[in-house]
Structure formats: structure tokens, C-alpha cells
Colleague: 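Would you mind keeping the following structure in view while I ask a few things?
Note that the structure is predicted; figures quoted are calculated from it, not measured.
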Amino acid sequence: TDDTTASFKIEGLTTKGQTATITYTIENDSPADIGADVAVDLTYDNKTWYTATVDKPTLSLNKGATGTVSITVTLNDTPATDLEASAAAEEFTVTLTANAK
């Protein structure tokens, strides 16, 4: 949605244990020669239906450097009805917080 926040939805998971992975490339595009420690925060509300993990919750990036972060979402249960499938809908938000190093 902007330089430090992104949102995504997972669709198509129908069976307990299925996963989806999204990968972000993060670049330190500082106009000055400043490195950054970047914290990757993932938020979502529906922890009944999903478990989500970030493979690298922090990155250390020098000016001009890039790094990748993968987020894996796992469906915790199989929706048995259309109502449960609707209840399992979820939006995930990734927020980056950079601190100069």
C-alpha cells in the first residue's frame, strides 16, 4: 500500500495444512549513505483459521542493498461450510520499521 506497509489476502486454501507463501523484496533506498535495521511486523486477526510466520523478522541493509522476506500462511482447519469459508477470510498486513545504524 506504500513504502513501509503492504496488505495481502490469501485465497484458494481449502484443506487443513495447505500453505501459501508470499515473498517481499526490501531495498534500503536511503538518499544518504545510511544503513538500516529493518523490523518486519506481520499482523492478522484470524488466528483460529491461520498460522503465519515470517522467515526473517529483522534485516540489516546497507544503503542500496536488498533483502528478501518470505511469509508463509498455513490453514489450520478445513472449512466445512460456505459460512465457515467466509469466516476464514483474512487480510494480512506487513509493516516495515527501519532504524538507522
Side-chain angles (χ1 to χ4, degrees):
T1 54
D2 61 37
D3 286 347
T4 59
T5 305
S7 296
F8 63 92
K9 290 183 180 183
I10 299 293
E11 296 178 352
L13 301 182
T14 58
T15 305
K16 178 180 178 176
Q18 284 183 315
T19 63
T21 301
I22 186 167
T23 301
Y24 287 99
T25 299
I26 301 167
E27 178 182 9
N28 178 354
D29 194 23
S30 172
D33 190 15
I34 299 172
D37 291 324
V38 180
V40 181
D41 183 44
L42 175 67
T43 57
Y44 63 103
D45 294 326
N46 201 337
K47 294 179 171 83
T48 299
W49 286 100
Y50 297 101
T51 301
T53 57
V54 179
D55 72 335
K56 297 176 201 159
T58 58
L59 293 172
S60 184
L61 299 173
N62 292 324
K63 180 190 184 302
T66 60
T68 59
V69 173
S70 294
I71 298 165
T72 302
V73 177
T74 303
L75 185 63
N76 293 332
D77 199 0
T78 301
T81 65
D82 288 342
L83 185 60
E84 283 187 355
S86 290
E90 181 61 53
E91 182 168 289
F92 299 80
T93 302
V94 178
T95 304
L96 305 177
T97 304
N99 292 304
K101 62 175 189 166

Colleague: Asp2 side chain to Thr5 main-chain N or O, any donor-acceptor pair under 3.5 Å?
Modeller: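 Yes.
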Colleague: If I compare all heavy atoms of Ala52 with all of Leu42, which pair ends up nearest, and what's the gap?
Modeller: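 Heavy atoms only, the tightest pair is CB-CD2, 3.5 Å.
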Colleague: Rounded to the nearest 0.5 Å, how far does CG of Asp77 lie from CH2 of Trp49?
Modeller: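 Those atoms lie 5.0 Å apart.
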Colleague: Side chain to side chain donor-acceptor pair (under 3.5 Å): which pairs involve residues 63-72, sequence neighbours left out?
Modeller: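 Matches after skipping sequence neighbours: Thr21-Thr72, Thr23-Ser70.
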Colleague: Go through the structure and list residues passing side-chain hydrogen bond (donor to acceptor under 3.5 Å, both in side chains) with Thr78, not counting sequence neighbours.
Modeller: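 side-chain hydrogen bond (donor to acceptor under 3.5 Å, both in side chains) list for Thr78, sorted by chain: empty.
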Colleague: Kindly compute the distance separating CG (Leu61) from CD1 (Ile34), expressed to the nearest 0.5 Å.
Modeller: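 Leu61 CG to Ile34 CD1: 13.5 Å, rounded to 0.5 Å.
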Colleague: Using side-chain hydrogen bond (donor to acceptor under 3.5 Å, both in side chains) as the criterion, list what pairs up with Thr81, not counting sequence neighbours.
Modeller: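 Applying side-chain hydrogen bond (donor to acceptor under 3.5 Å, both in side chains) to Thr81 gives none.
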Colleague: Tell me which pairs pass ring pair (Phe, Tyr, Trp, His ring centres under 6.0 Å) where either residue lies in residues 55-79, with sequence neighbours left out.
Modeller: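 Matches after skipping sequence neighbours: none remain.
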Colleague: Residues in ring pair (Phe, Tyr, Trp, His ring centres under 6.0 Å) with Phe92, at least two apart?
Modeller: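 Ring pair (Phe, Tyr, Trp, His ring centres under 6.0 Å) check on Phe92 returns Phe8, Tyr44, Tyr50.
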Colleague: Name all pairs fulfilling the side chain to side chain donor-acceptor pair (under 3.5 Å) condition that reach into residues 24-37, sequence neighbours left out, sorted by first residue then second.
Modeller: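 Found Asp37-Ser60.
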Colleague: When you measure from the side chain of Glu90 to the backbone of Ile10, do you find a donor-acceptor pair of N or O atoms at a distance under 3.5 Å?
Modeller: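 No; judged by distance alone, with no hydrogens or angles, the pair does not exist.
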Colleague: Taking only residues two or more places apart in sequence, or in another chain, which ones meet Asn76 in a side-chain hydrogen bond (donor to acceptor under 3.5 Å, both in side chains)?
Modeller: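 Asn76: side-chain hydrogen bond (donor to acceptor under 3.5 Å, both in side chains) contacts with Thr51.
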Colleague: Does Lys101 reach the side chain of Asn62, with side-chain heavy atoms less than 4.5 Å apart?
Modeller: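 Lys101 reaches Asn62 side chain to side chain.
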Colleague: What residues, two or more places apart in sequence or in another chain, satisfy side-chain hydrogen bond (donor to acceptor under 3.5 Å, both in side chains) together with Thr95?
Modeller: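 Thr95 satisfies side-chain hydrogen bond (donor to acceptor under 3.5 Å, both in side chains) with no other residue.
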Colleague: May I ask you to test the Val69-Ile26 pair for a side-chain heavy-atom distance under 4.5 Å?
Modeller: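 Of all side-chain heavy-atom pairs linking Ile26 with Val69, at least one is under 4.5 Å.
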Colleague: So with a 6.0 Å cut-off around NZ of Lys9, is the heavy-atom count from everything else above 12?
Modeller: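 No, not enclosed.
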